[in-house]
Amino acid sequence: MTTRIFSGIQPSGDLHIGNYLGAVRHWVALQQPGAECFYCIVDLHAITVPQEPARLRARTREVLAILLAAGIDPSRSTLFAQSQVPRHTELAWLLNCITPYGWLGRMTQFKGKSAAQREQVTAGLFAYPVLMAADILLYRADQVPVGEDQQQHLELARDIAARFNRLHGETFTLPEPRVTPAGARIRGLDDPAKKMSKSAAGSGHAINLLDPPEVIRRKFQRATTDSLADARFDERRPGVFNLLAIYEAFTGESREAIEARFAGKGYGELKRAVADVTVEALRPLRERHATYAQDPAQLDAIARLGAEKALPIAEATVSAVKERMDVGLAAVNTDERVRRNRAV
Ligand code: ATP
Ligand code: LTN
């Protein structure tokens, strides 16, 4: 029995160590015999908030290059962009029509993002979690490796799947979130009350995966801490907790060992040590990224192959769903139609 894994990441800005520690490094590790992994750059999710149109495609390629550099292997995993497989949006619509409005209004990410956007809040932002459910259910994924902030969306995906199964008959697998505690919630360095996020403003907020070593060191030096000069894993002191959590996630050391290592030392030393482990951990990724980034044609070819692998699976699910919902008349064969149009 193989385990299906699905996860997605938005090309909504520069990838940061939160994305890496909470998600991408697990995606890499999950590529094992017995697992069938689908990793998707969710460009249609990114456009739920305003994006610079001329940059979205370049950003999608950049995320692809980073995922490859981080160790996603296209010969073992199916790696593609969401917009390349139109069945994602088709299933999202079908699921929108069985998802109670009230379920979406409760999503905390929507509440946060819509408060920040005010009059720019779109219907797409509201329906975002349904598109995410479609991404996952389309491939009948068993497990979804994500950071802590996506737990609520995952529960919603399960609820939508269960509701569909109840209304229309057993169709979807209920996906399990896979949240690894160390690194599941990295906070902003400038404001540790908030999670580190691609779309947050401020140059001191996030450590980006492609930041040069001197930038990484400077950002850590400036990170918000407190006045206690005592390095402990204490959630009530989120700035220091965050630095220790980053150290923990990159080194895999136990909390006791880390607290012992920094006992009686100042925050300056803690910050230098966290910067050192981060710089070293990201070095190979940064070097490999430079090679991939030079060849956009190769990146496009990799994504096309991934989309070609994903497409037939997605089509099979959507046709089963339409069958169960009794939607549609005879299917139109696209190839046939294209040929006919060419003939006239
Ligand atoms: P945006 O700010 O545009 O919403 P984001 O930085 O939250 O973007 P996503 O593309 O939405 O990133 O998330 C990709 C993956 O990274 C998800 O699995 C998410 O849970 C994880 N992730 C995002 N931010 C963090 C964080 N601060 N700590 C741990 N994991 C995170
Ligand atoms: N909403 C997710 C991105 C995402 C995703 C998915 C994650 C879109 N579709 C499917 C896992 C599975 C986020 O990280 N903000």
Side-chain angles (χ1 to χ4, degrees), residues 4-27 30 37-51 56 59-60 63 66-67 70 80-83 85 88-89 91-92 95 107-110 112-114 116-117 124-125 127-139 141-158 160-161 175-189 191-202 205-209 238 242 245-246 248-249 310:
R4 274 273 171 91
I5 311 278
F6 184 97
S7 199
I9 188 160
Q10 302 184 73
S12 48
D14 294 328
L15 264 61
H16 51 75
I17 57 171
N19 299 133
Y20 182 75
L21 294 173
V24 174
R25 66 178 176 138
H26 304 302
W27 300 8
L30 285 165
C37 302
F38 292 76
Y39 298 128
C40 186
I41 303 167
V42 291
D43 46 357
L44 301 174
H45 275 104
I47 58 171
T48 57
V49 296
Q51 297 292 331
L56 185 62
R59 282 210 151 125
T60 304
V63 174
I66 290 180
L67 294 178
F80 62 106
Q82 190 182 31
S83 61
V85 180
H88 287 247
T89 41
L91 182 60
L95 297 179
M107 295 294 109
T108 52
Q109 191 182 81
F110 174 74
K113 288 199 177 182
S114 58
Q117 299 270 318
L125 187 65
Y128 171 123
V130 183
L131 179 58
M132 176 164 163
D135 296 340
I136 299 164
L137 302 181
L138 208 43
Y139 301 96
D142 302 294
Q143 292 184 6
V144 185
V146 284
E148 200 182 279
D149 61 314
Q150 295 304 312
Q151 295 251 39
Q152 195 187 30
H153 287 160
L154 252 301
E155 274 161 36
L156 184 84
R158 287 172 64 88
I160 293 174
E176 296 282 348
R178 203 185 157 112
V179 180
T180 309
R185 184 183 164 84
I186 302 298
R187 300 142 190 272
L189 297 187
D191 178 3
K194 302 207 174 91
K195 80 158 193 113
M196 192 176 279
S197 154
K198 278 189 235 101
S199 36
H205 172 78
I207 303 285
N208 296 325
L209 296 181
N242 193 37
I246 294 169
E248 178 191 24

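Note that the structure is a prediction, hence the values are computed from the model and not measured. Just so you know, ligand 1 is whichever comes first in the structure, and atom 1 is the first atom listed for that ligand.
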Q: Can you list the residues that meet the salt bridge (Lys or Arg N to Asp or Glu O under 4.0 Å) rule with Lys113, with sequence neighbours excluded?
A: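 Listed in chain order: nothing, the list is empty.
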
Q: Looking at every heavy atom in both Cys40 and Phe6, which two are closest together, and how far apart are they?
A: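 So the minimum-distance heavy-atom pair works out to CB-CZ, 3.5 Å.
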
Q: Between Met196 and Ala206, what is the shortest heavy-atom contact and its length?
A: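 Heavy-atom minimum between the residues: CG-CB, 3.6 Å.
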
Q: Please name all residues satisfying side-chain contact (heavy atoms from CB on, under 4.5 Å) with Ala310, sequence neighbours left out, ordered by chain then number.
A: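 Listed in chain order: Thr78, Phe80, Val85, Tyr139.
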
Q: What heavy-atom pair brings Asp135 and Val42 nearest, and what distance separates the two atoms?
A: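 That would be OD2-CG1, 3.8 Å.
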
Q: Can you name the residues that come within less than 4.0 Å of ligand 2, going by heavy atoms only?
A: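 Protein residues near ligand 2 are Phe6, Ser7, Gly8, Gln10, Val42, His45, Tyr128, Met132, Asp135, Ile136, Val144, Val146, Gln150.
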
Q: Nearest heavy-atom pair of Ala182 and Glu248: which atoms, and what distance?
A: CB-CD, 4.1 Å

Q: Could you tell me which non-hydrogen atom of Pro175 sits nearest to which non-hydrogen atom of Leu137, and how far apart they are?
A: CD-CD2, 3.9 Å

Q: Protein N/O near ligand 1 N/O, under 3.5 Å, which pairs?
A:
residue	atom	partner	partner atom	Å
ligand 1	2 (O)	Ser197	OG	2.5
ligand 1	2 (O)	Lys198	N	3.2
ligand 1	2 (O)	Ser199	N	3.1
ligand 1	2 (O)	Ser199	OG	2.6
ligand 1	3 (O)	Ser12	OG	2.7
ligand 1	3 (O)	Ser199	OG	3.2
ligand 1	4 (O)	Gln10	NE2	3.4
ligand 1	4 (O)	Lys113	NZ	2.7
ligand 1	6 (O)	His16	NE2	2.8
ligand 1	6 (O)	Asn19	ND2	3.4
ligand 1	6 (O)	Lys198	N	3.0
ligand 1	7 (O)	Lys195	NZ	2.4
ligand 1	8 (O)	Lys198	NZ	3.1
ligand 1	10 (O)	Gln10	N	2.9
ligand 1	10 (O)	Lys198	NZ	2.5
ligand 1	11 (O)	Gln10	NE2	2.9
ligand 1	12 (O)	Asn19	ND2	3.1
ligand 1	12 (O)	Lys198	NZ	3.0
ligand 1	16 (O)	Asn19	ND2	3.2
ligand 1	18 (O)	Gly147	N	3.2
ligand 1	20 (O)	Gly147	N	2.8
ligand 1	20 (O)	Asp149	OD1	2.5
ligand 1	24 (N)	Lys195	NZ	2.8
ligand 1	24 (N)	Met196	O	3.4
ligand 1	27 (N)	Ile186	O	2.7
ligand 1	27 (N)	Met196	N	3.4
ligand 1	27 (N)	Met196	O	2.9
ligand 1	28 (N)	Ile186	N	2.9
ligand 1	30 (N)	Gly18	O	3.1

Q: At their closest point, which heavy atom of Ile160 faces which heavy atom of Ala133, and how far apart are they?
A: CD1-CB, 4.0 Å

Q: To the nearest 0.5 Å, what is the distance between OG1 on Thr108 and NE2 on His153?
A: 6.5 Å

